[in-house]
Amino acid sequence: MTRPRILIVGGGAGGLELATRLGNKLGRRGKAHITLVDRNHTHIWKPLLHEVATGTLDIEIDQLSYRAHAAAHGFDFQLGRFDGLNRQQQKVILAPVFADDGEEVLAARELDYDYLVLAIGSVSNHFNTPGVAEHCIFLDSPAQAQRFHRHLLDAYLKLNSPRHPKETLNIAIVGAGATGVELAAELYHAAAELNLYGFADLRKARLNISVIEAGPRILPALPERIAIAAQKELEKLGVKVRTNTKVTAANSTGLQLGSEQLDAELMVWAAGIKAPDFLHNLDGLENNRINQLLVNSKLQTTLDSRIYAIGDCAGCPLPDNKWVPPRAQSAHQMASSVADNILAELNGKSLREFTYKDHGSLISLSRFGTVGSLMGNLVGGAMMIEGRIARLAYISLYRMHQVALHGWLKMLVISLVARINRIVRPRLKLH
């Protein structure tokens, strides 16, 4: 009997958790052939990219090898970039892979599937604002976060030089969602730590960080009282928070805010997300206005029950005319639901409907504090938490992701190793 072929495209939080669970349940027992596809060799939890960008997290230590993880959990890994879909023949096309010198190391390939799960994630939406694509840095991928880190280190070196003509390092962050707010706080943390490593002139007063938000307040997806608490903490650090301010263009020296020019040596765009453009009208599948693939209540695409979509690339409507938000907890819940439904379908059982449960949101302001809400839909509203309890809850989100990938025992070992590394390794990635 031919084993069913389950193909998962995208190794983010949802895709990797799904591949791991199906590999453990089916792949190890020879009941199905599970394949995970990603354009990168390694995985890092996306909510940590702002720490990669500032150097407070060393990606070389914390990243996970897809190939090694696949070998340990009963699924295959294919390196490649999604390049097309043939629904009639049930094939996914992967683009060729090239080495740094341009040599082709993997030819274009076609992968067959019986069940396809698209977990491709999202990218920043710059709304076609002139100059943004050319002059701003995005934090959609580890490569982009590492690029920002290199530029940041160069800026620190110049600022620490007595010949540097400027007194301040000007950094502009566009978008006051979780990424923008957490990055602003983490930058102050990194600057403080750099004083230990020879950057004696890098004082807090020499950092000029602006967060620009087009809406009326920061953290629009969270309750207003949490946003107010977070803004107070940012302003206490020295961050200039500018709301009701729209970026109309970007250039090599800064941002254009209507008639005002805001000078900045480093510019980060973190204002809004969309699914990648290539998902728009993908072999006839339906999309919403930000390119997400429309799915039904079982997370199957509306026009093809053999294709599921999860995470940021899935447009899943909620009863209140909103959409399932693009958060890590959404991807985790969707991965669990699709795993259950694929297992049910293989066993001839009926599929269950996906129900999104909002467990609240937490915002880390680095070592300066954590604020957020817990159990949003369980207590008739958001229960605000802050301080040490909020920090422990924030850390636990990443630990639960590790549990989903490795199990409890290995997660505890990883946590112990991380604590040891904080003692024996530099506090920042300095290269």
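Residue numbers count from 1 along this sequence.
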Study note, to complete from the structure: When His332, Gln329, Glu17 are each screened for side-chain hydrogen bond (donor to acceptor under 3.5 Å, both in side chains) with His401, the one that passes is Glu17
Exercise for review: Could you go through the side-chain contact (heavy atoms from CB on, under 4.5 Å) check for Phe127 and Val247 one step at a time?
Suggested key: CA-CA 10 Å; Phe127 308 101; Val247 176; over 6 Å; no
Is atom [atom1] of [X] surrounded by more than 12 heavy atoms (other residues, nucleotides or ligands) closer than 6.0 Å?
X	atom1	answer
Lys31	NZ	no
Asp101	CG	yes
Leu409	CG	no
Arg306	CZ	yes
Lys298	NZ	yes
Gln88	CD	no
Arg39	CZ	no
Asp320	CG	yes

Exercise for review: Answer yes when Asp340 and Arg21 have at least one side-chain N-carboxylate O distance shorter than 4.0 Å, and no when they do not.
Suggested key: yes
Exercise for review: Identify whether the distance between the nearest side-chain nitrogen and carboxylate oxygen of Lys236 and Glu233 falls below 4.0 Å.
Suggested key: yes
Heavy-atom closest contact ([X] atom, [Y] atom, distance):
X	Y	value
Cys313	Ala275	CA-CB, 4.2 Å
Leu18	Ile310	CD2-CD1, 4.3 Å
Leu79	Val97	O-CG2, 3.9 Å
Leu262	Ser210	CD2-CB, 4.2 Å
Asp38	Gly10	OD2-C, 3.7 Å
Gly11	Tyr66	O-OH, 2.6 Å

Going by heavy atoms in the side chains, are [X] and [Y] under 4.5 Å from each other?
X	Y	value
Gln63	Asn40	no
Thr42	Ile44	no
Tyr308	Ile6	no
Ile171	Leu187	yes

Separation between [atom1] of [X] and [atom2] of [Y], rounded to the nearest 0.5 Å:
X	Y	atom1	atom2	result
Phe77	Thr35	CZ	OG1	11.0 Å
Lys246	Thr129	NZ	OG1	7.0 Å
Glu345	Ser350	CD	OG	11.0 Å
Asn251	Gln256	CG	CD	6.5 Å
Ser337	Ile342	OG	CD1	10.0 Å
His126	Cys136	NE2	SG	9.5 Å

Whether [X] side chain and [Y] backbone form a donor-acceptor pair below 3.5 Å:
X	Y	answer
Gln90	Asp112	no
Asn287	Leu279	yes
Asp114	Arg5	yes
Thr301	Ile307	yes
Gln292	Asp312	yes
Arg217	Leu219	yes
Asp283	Arg87	yes
Trp269	Asn125	yes

Practice item. Could you check Gln146 against His149 for side-chain hydrogen bond (donor to acceptor under 3.5 Å, both in side chains), going step by step and ending with a plain yes or no? Key: CA-CA 5 Å; Gln146 289 173 301; His149 182 236; over 6 Å; no
Practice item. In sequence, state the C-alpha distance, the side-chain angles, and the governing distance for Phe138 and Leu49, and then conclude on side-chain contact (heavy atoms from CB on, under 4.5 Å). Key: CA-CA 10 Å; Phe138 305 97; Leu49 286 181; over 6 Å; no
Point to revise | side-chain contact (heavy atoms from CB on, under 4.5 Å) evaluation trace for Lys410 with Leu405 | key: CA-CA 9 Å; Lys410 193 169 182 180; Leu405 298 181; over 6 Å; no
Point to revise | Which residues share a ring pair (Phe, Tyr, Trp, His ring centres under 6.0 Å) with Phe98, sequence neighbours left out | key: none
Point to revise | Asp277/Asn291 under side-chain hydrogen bond (donor to acceptor under 3.5 Å, both in side chains): CA gap, chis, key distance, verdict | key: CA-CA 6 Å; Asp277 291 337; Asn291 300 331; 3.0 Å; yes
Review point. Could you walk me through whether Gln144 and Arg147 pass the side-chain hydrogen bond (donor to acceptor under 3.5 Å, both in side chains) check?
Key: CA-CA 5 Å; Gln144 292 172 335; Arg147 178 186 170 214; over 6 Å; no
Review point. His406 vs His73 aromatic rings, parallel, tilted or perpendicular, using cut-offs 30° and 60°?
Key: tilted
Exercise for review: Let me see the working for Ser124 and Asp140 under side-chain hydrogen bond (donor to acceptor under 3.5 Å, both in side chains), right down to the final yes or no.
Suggested key: CA-CA 7 Å; Ser124 294; Asp140 299 325; 2.9 Å; yes
Point to revise | CA sep, side-chain torsions, deciding dist, call: Thr54, Tyr188, side-chain contact (heavy atoms from CB on, under 4.5 Å) | key: CA-CA 9 Å; Thr54 59; Tyr188 276 100; over 6 Å; no
